[in-house]
Novice: 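The structure that follows is given in the form of structure tokens.
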Amino acid sequence: MSELRKHIAYLDEFPDREVQTPACLSCIPDIMAHAGPGETMQKLSSTRKLLYSMGGLTMNITNLVISQWLYKFYVTDRHIPEPGWEIFGWTITAGILFGSFIFLGRITDAITDPLVAYWSDNTRSRFGRRIPYILYGIIPFAVVFALLWAPPVDGPSWANVITSFVLVQAYFVLYTIVVTPYLALLPEITPDQKTRVNVSTLQALFTMFGTILFAALGPLIAAFGYTATGIIVTIIAALFLMPTLFAIREQQRQEAGGKKITLRQWIVMTLRNRPFAYLIGATSLFWYALNMLIIFVPVWNQKVLGLGEDAVALIMGPFIILNIIFFIIFNLIAKRFGKYFAFLLTLLGSAITIPMIGLVGVDAFWGDFSAHVYSIDFMASILPDYNPWVVQTMVMVCLVAMPIAGFLMLPFAILADIVDYDEKQTGKRREAIFFGVQAIFQKSMIGVSALMLGLLDVTPNELTDFQDAMGGLKIAIYTAGAACFVGFLIFLGYPIRDTGGQIRLVPNRFDNFLRDKIFRQSE
């Protein structure tokens, strides 16, 4: 136990003194196991890992359906009227009105994330700190999601305007209530590094399955309509999240006493966690790039390749397949070389491959490659009429899919390590607040990426000239690649390393700069 106390003392002193040699924290699992009565972590069987990870599908498919179809359902399919208002010469259309509902919903989402996280971290119940939010939130969440696709009036109506506004805000609040505690369970249910990577990989796989299922729902809408499809998605989403309630048993914790900490203090403590500062900087920039790509693909498909919406699957199919393959590869890399190295590889790989999409159409680079692909009978049967840019885009999207697979699975596992570090600093387990605070920054960067696309005139309704489309979209992907590279530079300073199931802290000049020039000034 004397060795254990030395490790804890090191962690307590690390932020405030220069450290010349790294200290091994291989005893962290023992700290977790011997912290006090009732705190022993449950062993996660393969079945429990699978059942918990299934919630990744729920998170993804509901957000995709809301983002892609809700606007079309209410605006294009005419469930809300055209108000025709004019404000300073600007005509408010149905699209602008409903778009403002979604924008306000995202603001509501960003505000409620840290609130729910704070409440969850400080909840004490016989079910634990996270499970009660999922248990009591899943049914209202499912009901609100289903009601979004069943407006009170069939056709344009102001009743639909009021109802949709209320339901959209309720959806984002309930999504936070359910998902933030769900994510916060990962660092709590296992201290084992390899297990965390495995669970994050499974979670990413179910997230990808949600994307595949979303892509396959188009024919269902055509056959049965939005309302029936919305109900089907609701049932699927609920069924994939509910297993967490039965698979995970939270442990009661004995934590350091003291006066109650306010929400503001809770957030400030989180922002002053130096490893978290590196992670949130890198992941927020990556979300900027990733959202740029999400919007980029269908616009590029339509305006540059000249293909219809049904051809998006042609471009995204190889992307999804490569994602799934590289989930396994990044899982092995993270276990062998550590999550730090694997995530640096993700950031640098994305910074290199995303801008390479700009090589599409550069004949000097491709030569006769596209013609050779079309000469293959199988490829010619699945590709549209000869268009070399289609083949080139598919190749580049496949390259981008490889590093992005690492981003879809690694950040949650890395954040779990940060939560462990934070507990040694504060004496408290505060998993949820980290997920809540990071959501503020990440969702803000998603908004910035949408704004950047608007400034570059690359939205589908505004593109009219082929060359302008090409130019604006290339600038968009170049900024996405630059964001990934800056994220790579930031994450170089991340001080936590894990190899062979052990954790150690490595002070470096990046961390010294952050401590001396930024945090100390704020204090």
Novice: Do Phe327 and Ile325 come close enough that some side-chain heavy atom pair is under 4.5 Å?
Specialist: no

Novice: Between Arg129 and Glu431, is there a salt bridge with N-O shorter than 4.0 Å?
Specialist: yes

Novice: Is it the case that Tyr288 and Thr479 place a side-chain donor and acceptor less than 3.5 Å from each other?
Specialist: yes

Novice: Would you please test Leu345 and Ile333 for side-chain contact (heavy atoms from CB on, under 4.5 Å) and show each step?
Specialist: CA-CA 10 Å; Leu345 194 62; Ile333 293 173; 4.0 Å; yes

Novice: With the threshold set at 4.0 Å, does a side-chain nitrogen-carboxylate oxygen contact exist between Arg272 and Asp422?
Specialist: no

Novice: Side-chain donor-acceptor pair under 3.5 Å between Tyr182 and Gln203, yes or no?
Specialist: yes

Novice: Nearest 0.5 Å, what's the CD1-CZ distance between Ile324 and Phe319?
Specialist: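 Reported to 0.5 Å precision, the distance equals 11.0 Å.
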
Novice: I'd like to know whether Arg497 forms a side-chain contact (heavy atoms from CB on, under 4.5 Å) with Phe341, so could you lay out the CA-CA distance, the side-chain angles of the two residues, the decisive distance to 0.1 Å, and finally the verdict.
Specialist: CA-CA 9 Å; Arg497 305 288 187 275; Phe341 175 80; over 6 Å; no

Novice: Would you say Asn331 and Phe326 make side-chain contact, with heavy atoms under 4.5 Å?
Specialist: no

Novice: Can you name the closest pair of heavy atoms from Leu285 and Gly487 and give their distance?
Specialist: CD1-N, 3.7 Å

Novice: If you define the side chain from C-beta out and look only at heavy atoms, does anything of Val65 sit under 4.5 Å from Phe145?
Specialist: yes

Novice: Could you check whether Lys339 pairs with Asp498 (Lys NZ or Arg NE/NH1/NH2 to Asp/Glu carboxylate O, under 4.0 Å)?
Specialist: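 Judged by the 4.0 Å cut-off on N to carboxylate O distance, Lys339 and Asp498 do form a salt bridge.
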
Novice: Ignoring hydrogens, what is the shortest heavy-atom contact between Val197 and Ala334? Give both atom names and the distance.
Specialist: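 That would be CG1-CB, 4.1 Å.
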
Novice: Before you tell me yes or no, could you show the steps for Ile320 and Met208 under side-chain contact (heavy atoms from CB on, under 4.5 Å), namely the whole-Å CA-CA distance, both residues' side-chain angles and the distance that decides it to 0.1 Å?
Specialist: CA-CA 7 Å; Ile320 293 172; Met208 190 55 60; 3.7 Å; yes

Novice: Exactly one of Phe343, Phe276, Phe407, Phe485 should register a ring-ring contact (aromatic ring centres under 6.0 Å, His included) with Phe491. Which one does?
Specialist: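 The ring-ring contact (aromatic ring centres under 6.0 Å, His included) with Phe491 is passed solely by Phe343 among Phe343, Phe276, Phe407, Phe485.
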
Novice: Exactly one of Thr58, Thr62, Asn63 should register a side chain to side chain donor-acceptor pair (under 3.5 Å) with Tyr175. Which one does?
Specialist: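 Only one option passes, and that is Asn63.
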
Novice: Taking C-beta and beyond as the side chain, do Leu290 and Gln442 meet within less than 4.5 Å on heavy atoms?
Specialist: no

Novice: Let me see the working for Phe286 and Ile404 under side-chain contact (heavy atoms from CB on, under 4.5 Å), right down to the final yes or no.
Specialist: CA-CA 9 Å; Phe286 200 100; Ile404 285 181; 4.0 Å; yes

Novice: Residues in side-chain contact (heavy atoms from CB on, under 4.5 Å) with Met396, at least two apart?
Specialist: Met356, Ile357, Leu359, Val360, Phe365, Trp366, Leu399

Novice: Is there side-chain contact between Ile280 and Phe434, with heavy atoms separated by less than 4.5 Å?
Specialist: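 Not in contact.
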
Novice: About how many Å separate CD1 of Ile212 and CG of Asn60, when rounded to the nearest 0.5 Å?
Specialist: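 Between Asn60 CG and Ile212 CD1, I get 10.5 Å after rounding to 0.5 Å.
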
Novice: Please give me the minimum heavy-atom distance between Gln392 and Gly361, naming the atom from each residue.
Specialist: OE1-N, 2.7 Å

Novice: Return yes if a side-chain donor-acceptor contact under 3.5 Å exists between Thr283 and Gln438, otherwise no.
Specialist: no

Novice: Between Ser350 and Pro403, which heavy-atom pair has the shortest distance, and what is it?
Specialist: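 That closest heavy-atom pairing would be OG-CB, 3.5 Å.
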
Novice: Using a 3.5 Å distance criterion without hydrogens, assess whether the side chain of Ser120 forms a donor-acceptor pair with backbone atoms of Val116.
Specialist: no

Novice: Let me confirm one number: the CZ-CG distance from Phe209 to Leu57, rounded to the nearest 0.5 Å.
Specialist: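 One gets 9.0 Å once the value is rounded to the nearest 0.5 Å.
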
Novice: List the steps, then state whether side chain to side chain donor-acceptor pair (under 3.5 Å) holds for Lys194 with Asn198.
Specialist: CA-CA 6 Å; Lys194 292 183 178 179; Asn198 287 338; over 6 Å; no

Novice: By the definition side chain to side chain donor-acceptor pair (under 3.5 Å), identify the one residue from Asn273, Asn122, Asp121, Thr270 that meets it with Arg430.
Specialist: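 The single option meeting the side chain to side chain donor-acceptor pair (under 3.5 Å) with Arg430 is Thr270.
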
Novice: Taking Ile414's backbone N and O only, do any of them form a donor-acceptor pair with Tyr340's side chain (distance below 3.5 Å, no angle check)?
Specialist: no

Novice: Using only atom types and a distance under 3.5 Å, with no angle test, would you say the side chain of Thr112 pairs donor to acceptor with the backbone of Leu115?
Specialist: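 A pair under 3.5 Å: no.
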
Novice: Testing the basics here: between Ala184 and Arg130, what is the closest heavy-atom pair and its distance to 0.1 Å?
Specialist: CB-NE, 3.8 Å

Novice: Working to the nearest 0.5 Å, report the span between CG of Leu51 and CD1 of Ile248.
Specialist: 8.0 Å

Novice: Nearest 0.5 Å, what's the CE-CE distance between Met445 and Met292?
Specialist: 9.0 Å

Novice: If you take all heavy atoms of Thr176 and Asp113, which pair is closest and at what distance?
Specialist: CG2-OD1, 3.2 Å

Novice: Can you find a pair of side-chain heavy atoms, one from Tyr133 and one from Val178, that are under 4.5 Å apart?
Specialist: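 They are not in side-chain contact.
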
Novice: When you compare the side chain of Met394 with that of Val373, does any pair of heavy atoms fall below 4.5 Å?
Specialist: no

Novice: When rounded to the nearest 0.5 angstrom, what distance separates CG in Leu245 from CD1 in Ile131?
Specialist: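 These two atoms lie 5.5 Å from each other.
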
Novice: In the structure I gave you, are the side-chain heavy atoms of Val390 and Thr393 within less than 4.5 Å of one another anywhere?
Specialist: no

